[in-house]
Amino acid sequence: MSRVYACFCTDIIHEGHLNILQEANKYGDVTAGILSDRAMIKYNRFPTISMEERKKMLEETGLVSEVVIQNEIMYDNIIVQLKPDYVIHGDNWCSGPESAIRENVINNLNKYGGKLIEVSYTYNENVRKIDDNMKEKLAMPEFRRKRLRKLLKLCPIVKAIEAHSGLTGLIAEKTVVEHNGELNQFDAMWLSSLCDSTAKGKPDIELVDMSSRIRTIDDIMEVTTKPIILDGDTGGLVEHFVYNIRTLERMGVSAVIIEDKTGLKKNSLFGTEVRQTQDSIENFCAKIRAGKNAQRTEEFMIIARIESLILDKGQEDALERAFAYVKAGADGIMIHSRKEEPDEIFAFCDAFRKRDSYTPIVVVPTSFNRVTEAELGSHGVNIVIYANQLTRSAFPAMQSTAVEILKNHRALEVDSKLMPFKEIITLIDDI
Ligand code: SPV
Ligand code: MG
């Protein structure tokens with residue numbers, strides 16, 4: 001009897017999936033695959049149920065002989081393992097990044113004469129509703145909040161990109177690329193104080209207050225599902241910080257990063273060019289402890305950001321602070337640098353990891369941007385934040401458009417450089 005293979009990347013079986021399985025049964029004995037959690041994440045589908053539950057869900061259809069786990073998005077290994085006569089899939093993967101998976105399947109099947117069967121994908125009101133319900137579940141605070149901790153367990157490196165509005169949130173949420181046979185996307189969003197302030201035309205000096213930051217978070221949350229790491233500046237007064245922790249938790253924010261500075265905060269990228277004062281270890285530990293005591297859920301994270309390297313205080317000071325902050329209850333450490341080479345970051349991470357193999361390390365490679373995620377990972381880094389690149393690309397593009405319109409007294413000359421509105425609105429979901 002012929003062997004048919006169909007892989008599923010879903011938490012819910014709907015009539016479209018059943019249709020594929022019924023079709024598959026016409027060709028032979030059906031083995032279904034479920035994507036592992038790690039692979040599902042790369043596909044932009046964050047699992048809401050466990051792998052065991054997904055396996056059971058497919059077994060219960062009564063339409064498969066066996067369910068196996070597919071550990072990678074690409075089919076190379078699973079096809080070697082199963083040697084199916086047929087692979088069956090919906091025809092919804094013919095365009096976009098998923099077409100790379102289709103190509104991979106065809107290439108692997110061609111090696112021994114296996115065949116690909118494509119079933120026309122079921123798009124109806126019911127299927128759309130199920131998809132929408134899933135997205136809404138992922139956006140709920142109780143789900144979104146814990147997603148960062150889950151990601152830290154699943155991914156070698158959690159990649160976050162800056163978002164400061166609904167639109168930038170959508171870019172962070174939906175950008176998926178195929179490159180060198182892999183699908184890639186951002187895992188989380190960084191709500192940068194610098195970019196949130198810049199978007200409002202204000203300096204990054206804690207002038208944009210928490211009420212306004214919360215408004216931005218809410219705009220982003222309305223249209224996304226990915227976890228949010230908030231740049232909490234200095235955390236402000238301890239008496240205010242504890243209230244803000246509860247608010248952020250309630251909203252579904254996953255983590256806040258607070259930096260060990262005091263007084264009028266200036267952006268770290270100015271380094272010692274401007275007057276900046278580091279807080280004492282004692283005071284900052286008290287702030288961390290107060291925050292952890294105020295926290296009401298297990299999942300929320302308070303991450304302590306160390307400014308010693310920014311302020312030229314040296315490695316020893318950075319490490320002393322790191323261990324003290326972890327002892328005070330910090331769920332992670334962010335080490336920052338404004339050097340162009342990552343050497344001082346590597347030195348810090350290596351020394352920290354000698355004594356602490358568990359606490360997540362966060363870095364923001366804005367100045368040391370030659371370094372790759374894999375290199376950072378090899379020094380024990382867990383979260384990489386691309387903190388301001390969206391703002392820095394949008395600002396000059398908008399400014400040059402304004403200049404061209406002024407020069408030409410019309411918009412014709414700039415039009416070819418602009419994205420058609422029809423394309424922009426493909427980002428935006430209907431309800
Ligand atoms: C931010 O993005 O606001 C940050 C990171 O705090 S940095 O600008 O590098 O200080
Ligand atoms: Mg900031």
Side-chain angles (χ1 to χ4, degrees), residues 158-165 168-169 171-172 186 188-210 212-214 216-217 220 227-236 241 244 248 253-279 284 287 301-313 318 321 330 332-342 344-345 348 361-371 376 381 383-395:
V158 173
K159 300 188 287 277
I161 182 121
E162 173 259 318
H164 59 265
S165 61
T168 46
I171 290 173
F186 291 103
M189 292 174 281
W190 164 244
L191 220 143
S192 153
S193 68
L194 173 64
C195 299
D196 200 5
S197 306
T198 305
K200 292 169 171 61
K202 299 268 174 70
D204 181 20
I205 52 170
E206 289 184 286
L207 172 64
V208 177
D209 68 5
M210 200 42 124
S212 172
R213 305 290 309 280
I214 284 169
T216 309
I217 297 172
I220 294 171
I228 291 179
I229 304 170
L230 174 71
D231 174 358
D233 289 319
T234 64
F241 183 54
N244 289 332
L248 296 172
V253 170
S254 301
V256 64
I257 300 188
I258 51 167
E259 58 193 275
D260 56 0
K261 288 205 293 240
T262 187
L264 180 63
K265 188 220 75 157
K266 303 266 176 68
N267 184 272
S268 301
L269 300 173
F270 287 118
T272 48
E273 288 162 33
V274 291
R275 247 180 86 98
Q276 310 207 54
T277 319
Q278 205 169 13
D279 205 351
F284 201 65
K287 196 180 277 185
M301 297 174 78
I302 297 178
I303 298 174
R305 163 172 168 176
I306 299 161
E307 292 286 287
S308 306
L309 303 181
I310 293 286
L311 301 172
D312 294 335
K313 299 272 179 68
R321 284 171 178 273
I333 289 295
M334 174 181 151
I335 183 70
H336 206 14
S337 162
R338 63 196 157 84
K339 296 263 159 66
E340 283 186 13
E341 295 306 325
E344 64 177 12
I345 289 285
F348 172 91
I361 302 178
V362 184
V363 296
V364 177
T366 303
S367 305
F368 47 103
N369 55 16
R370 261 194 292 267
V371 70
L376 289 165
V381 169
I383 302 181
V384 173
I385 296 177
Y386 297 97
N388 48 45
Q389 287 78 4
L390 291 187
T391 294
R392 285 164 59 206
S393 55
F395 193 88

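Read the numbers this way: they start at 1 and go in the same order the structure lists the ligands and their atoms. Position 1 is the first residue of the sequence, and the numbers go up from there. Nothing here was measured: the structure is a model prediction, and the numbers come from that model.
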Colleague: Please name the residue in the list D233, I228, L191, I302 that meets the side chain to side chain contact (heavy atoms under 4.5 Å, CB included) test with V256.
Modeller: I302

Colleague: Would you mind checking which non-hydrogen protein atom is closest to atom 5 (C) of ligand 1, with the distance to 0.1 Å?
Modeller: R305 NH1, 3.9 Å

Colleague: Pairs of nitrogen or oxygen atoms closer than 3.5 Å, one from E259 and one from ligand 1: do any exist?
Modeller: no

Colleague: Does H164 approach ligand 1 within less than 4.0 angstrom via side chain, backbone, both or neither, non-hydrogen atoms only?
Modeller: neither

Colleague: Please evaluate residues K265 and D204 with respect to the criterion salt bridge (charged side-chain N to carboxylate O under 4.0 Å, His left out), reporting the C-alpha separation (whole Å), side-chain torsions for both, the decisive distance (0.1 Å), and the verdict.
Modeller: CA-CA 8 Å; K265 188 220 75 157; D204 181 20; 2.8 Å; yes

Colleague: Apply side chain to side chain contact (heavy atoms under 4.5 Å, CB included) to residues N267 and V274 and explain how you reach the verdict.
Modeller: CA-CA 9 Å; N267 184 272; V274 291; over 6 Å; no

Colleague: If you consider just the N/O/S atoms, which atom of D231 is the closest one to the Mg ion (ligand 2)?
Modeller: OD2

Colleague: Counting only heavy atoms closer than 4.0 Å, does ligand 1 sit against the backbone of E162, its side chain, both, or neither?
Modeller: neither

Colleague: Please test N388 against T198 for side chain to side chain contact (heavy atoms under 4.5 Å, CB included), starting from the C-alpha separation and ending with a verdict.
Modeller: CA-CA 10 Å; N388 48 45; T198 305; over 6 Å; no

Colleague: Please list the nearest protein heavy atom to atom 2 (O) of ligand 1 with its residue and the distance rounded to 0.1 Å.
Modeller: S192 OG, 2.8 Å

Colleague: Please answer whether the main-chain N or O of V208 pairs with a side-chain N or O of S212 as donor and acceptor at a distance below 3.5 Å.
Modeller: no

Colleague: Backbone, side chain, both or neither: what part of N267 comes under 4.0 angstrom of ligand 1, heavy atoms only?
Modeller: side chain

Colleague: How far is atom 4 (C) of ligand 1 from its nearest protein heavy atom, and which residue and atom is that?
Modeller: D231 OD2, 3.4 Å

Colleague: Report yes if some N/O of T366 lies less than 3.5 Å from some N/O of ligand 1; otherwise report no.
Modeller: no

Colleague: Within the 4.0 Å heavy-atom shell around S268, which atoms of ligand 1 are there?
Modeller: 10 (O)

Colleague: Just verifying a value: how many Å separate L311 CG and Q278 CD, rounded to the nearest 0.5 Å?
Modeller: 5.5 Å

Colleague: Would a distance-only check, ignoring hydrogens and angles, find a side-chain to backbone donor-acceptor pair under 3.5 Å from R338 to I310?
Modeller: yes

Colleague: Can a donor-acceptor pair be found, under 3.5 Å and without considering hydrogens, that links the side chain of K339 to the backbone of I345?
Modeller: no

Colleague: Judging by distance only, is a nitrogen or oxygen of L194 under 3.5 angstrom from one on ligand 1?
Modeller: yes

Colleague: With a cut-off of 2.8 Å, does any N, O or S atom of N267 fall short of it relative to the Mg ion (ligand 2)?
Modeller: no

Colleague: Does E307 pair with K313 as a salt bridge, N-O distance under 4.0 Å?
Modeller: no

Colleague: Can you list the atoms of ligand 1 that are under 4.0 Å from a heavy atom of W190?
Modeller: 1 (C), 2 (O), 4 (C)

Colleague: Which residue owns the protein heavy atom closest to atom 9 (O) of ligand 1, what's the atom, and how far is it?
Modeller: H336 NE2, 2.7 Å

